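Below you will find the structure I want to go over with you.
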Protein chains: 2
Amino acid sequence: MADHNQQIAHFENICRAHGLKMTHQRLEIFHTLVRSSEHPSAETLYKMLEKKLPTLSLDTVYRTLATFVELGLVKRVETPGSQARFEAKIEQHHHFFCDQCGQLIDFTWHSFDEVQLPDSIESIGTIRDKNVVIHGVCNHCQNSDSD
Amino acid sequence: MADHNQQIAHFENICRAHGLKMTHQRLEIFHTLVRSSEHPSAETLYKMLEKKLPTLSLDTVYRTLATFVELGLVKRVETPGSQARFEAKIEQHHHFFCDQCGQLIDFTWHSFDEVQLPDSIESIGTIRDKNVVIHGVCNHCQNSDSD
DNA sequence: TATCATATAAGATTTATTCTTAACTGATAC
DNA sequence: GTATCAGTTAAGAATAAATCTTATATGATA
């Protein structure tokens, strides 16, 4: 398990540096996202939080996520689903997307991270980030298919 | 330049095999997509075709693309943009996405295609497809930034 | 303690996409 | 060739995700 406290400290620093107030909502949304591995949508986050913050509004979740993405604290993950999904994971990682259930699973692949890209990339542009996306069927779906 | 005729023959076979009529609209939409390298959205395709098919409706473009995706003739490409984008490219390839202009550029990387995935994948699921997505700034944007 | 950024509520707006219905077109089977 | 029926069109309605609006309330920080 990664050191979430450190990440939350970083989050607080960034907010302070940008003169953003540390509201319960922001803190809880970030906490939830950092601790979740399911890459939730705004709506999912809203539901995850409704017990802890009964007055939270979906609008605030959207607004807050947009702020976080702008600050680079959170990433929007592209998926085939209709709703945008988010993650607060900082370490370099890659995604396995289950075409059956829509689950998104992180994995690491250090040898890929260090490999050099093909020369042809130079004629295309400058790299900020390189990621692997695997599409397939997760083991859970695979097993439940066998009935 | 790839052999588009072969791809179009394949397209016709698949349509016939599924009892789908070879309408002008379907043919032109597929032609345009096969020959385009810009991964157009439904709306972009619609605009690309409005001269050739003045009576074409946007609805038909959406409907036709959905049919093609279902038949596996066309792929929906996930991008950070709000509109879905499509490609008819069959050969294994990867994507460079320009964060500045939203352009999506294909590239090939054979050594990646052949490399083995990390063992950890086995505990996740079965692979259908693996792709690299690079985010960065294309050379065109890079150059026009320097003013 | 005061100030002001933020959150909330309620509802309107925007945008992409899909659906509906009715009339028409044209591809394919015969 | 002609009939049939899938598919297209038009026009407009319906959905759904996301964003915005306005007025009021809250609560973090100086």
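Throughout, a chain's letter reflects where its sequence line sits, starting with A, and its residues are numbered from 1. Since this is a predicted model, take the numbers as computed values, not measurements. All values below were derived from every heavy atom in this structure, side-chain atoms included, with hydrogens, water molecules and symmetry-related copies excluded.
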Open item on the list: Can you list everything that forms a side-chain hydrogen bond (donor to acceptor under 3.5 Å, both in side chains) with Ser41(A)? Sequence neighbours excluded, please.
Closed with: Thr44(A), Gln83(A)
- [ ] Please say whether more than 12 non-hydrogen atoms of neighbouring residues, nucleotides or ligands are located less than 6.0 Å from CD in Glu122(B).
- [x] no
Open item on the list: So, taking the atom named CD in Glu12(B) and the one named CE in Met22(B), what distance separates them when rounded to the nearest 0.5 Å?
Closed with: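 Glu12(B) atom CD to Met22(B) atom CE measures 4.5 Å (nearest 0.5 Å).
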Open item on the list: Between the opening five pairs and the closing five pairs of the helix from dT1(C)-dA30(D) to dC30(C)-dG1(D), how far apart are the helix axes, to 10°?
Closed with: 50°
Open item on the list: How long is the straight-line distance from CG of Leu117(A) back to CH2 of Trp109(B), given to the nearest 0.5 Å?
Closed with: 4.5 Å
Task: Residues forming a salt bridge (charged side-chain N to carboxylate O under 4.0 Å, His left out) with Asp113(A), sequence neighbours excluded - done: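 Per chain and number, Asp113(A) pairs via salt bridge (charged side-chain N to carboxylate O under 4.0 Å, His left out) with no residue.
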- [ ] Rounded off to whole Å, could you give me the CZ-to-P distance for the Arg16(A) and dA28(D) pair?
- [x] 14 Å
Task: For Pro80(A) against Glu78(B), the heavy-atom pair lying closest together - done: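 Closest heavy-atom pair between Pro80(A) and Glu78(B): CA-OE2, 3.3 Å.
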TODO: Heavy atoms of chain A, cut-off under 4.0 Å: which first and last nucleotide of DNA chain C, 5' to 3', fall inside that, if you could look?
DONE: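 Listing 5' to 3', DNA chain C meets chain A from dC4(C) to dA9(C).
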Task: Glu28(B): salt bridge (charged side-chain N to carboxylate O under 4.0 Å, His left out) partners, not counting sequence neighbours - done: Lys52(B)
Task: Inter-residue atom distance Ile8(A).CD1 - Asn5(A).CG, 0.5 Å rounding - done: 6.0 Å
Task: Any residue of residues 71-84 of chain B with a heavy atom less than 4.0 Å from an atom of DNA chain C - done: Ser82(B), Gln83(B), Ala84(B)
Task: Thr60(A) vs Thr23(A) side-chain heavy atoms within contact, under 4.5 Å - done: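 No, their side chains stay 4.5 Å or more apart.
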Task: For DNA chain C, the residues among residues 57-68 of chain B that have a non-hydrogen atom under 4.0 Å from it - done: Asp59(B), Tyr62(B)
Open item on the list: Which residues pass the ring pair (Phe, Tyr, Trp, His ring centres under 6.0 Å) test with His95(B), not counting sequence neighbours?
Closed with: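 If we apply the ring pair (Phe, Tyr, Trp, His ring centres under 6.0 Å) test to His95(B), skipping adjacent residues, the hits are His39(B), His93(B).
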- [ ] Output every pair passing side chain to side chain donor-acceptor pair (under 3.5 Å) with a member in residues 124-137 of chain A, not counting sequence neighbours, ordered by first then second residue.
- [x]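 Sorted result for residues 124-137 of chain A: Lys75(A)-Asp129(A), Asp99(A)-His135(A), Thr126(A)-Gln142(B), Arg128(A)-Asp99(B), Asp129(A)-Asn131(A).
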Task: Integer-rounded Å distance: dC5(D) P and Leu20(B) CG - done: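 Spelled out: CG on Leu20(B) to P on dC5(D) is 17 Å.
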Task: For DNA chain C, the residues among residues 23-53 of chain B that have a non-hydrogen atom under 4.0 Å from it - done: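 Heavy-atom contacts with DNA chain C come from His24(B).
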Open item on the list: With a 4.5 Å cut-off on side-chain heavy atoms, are Glu91(B) and Thr108(B) touching?
Closed with: no
Task: With His94(A) via ring pair (Phe, Tyr, Trp, His ring centres under 6.0 Å) - residues at least two apart - done: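 With sequence neighbours excluded, His94(A) shows a ring pair (Phe, Tyr, Trp, His ring centres under 6.0 Å) to Phe107(A), Phe112(A), given in chain and number order.
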Task: Sequence-distant partners of Tyr46(B), side-chain contact (heavy atoms from CB on, under 4.5 Å), two or more places apart - done: Leu56(B), Leu58(B), Val61(B)
Open item on the list: Is it the case that over 12 heavy atoms from other parts of the model lie below 6.0 angstrom from the CG atom of Asn13(A)?
Closed with: yes
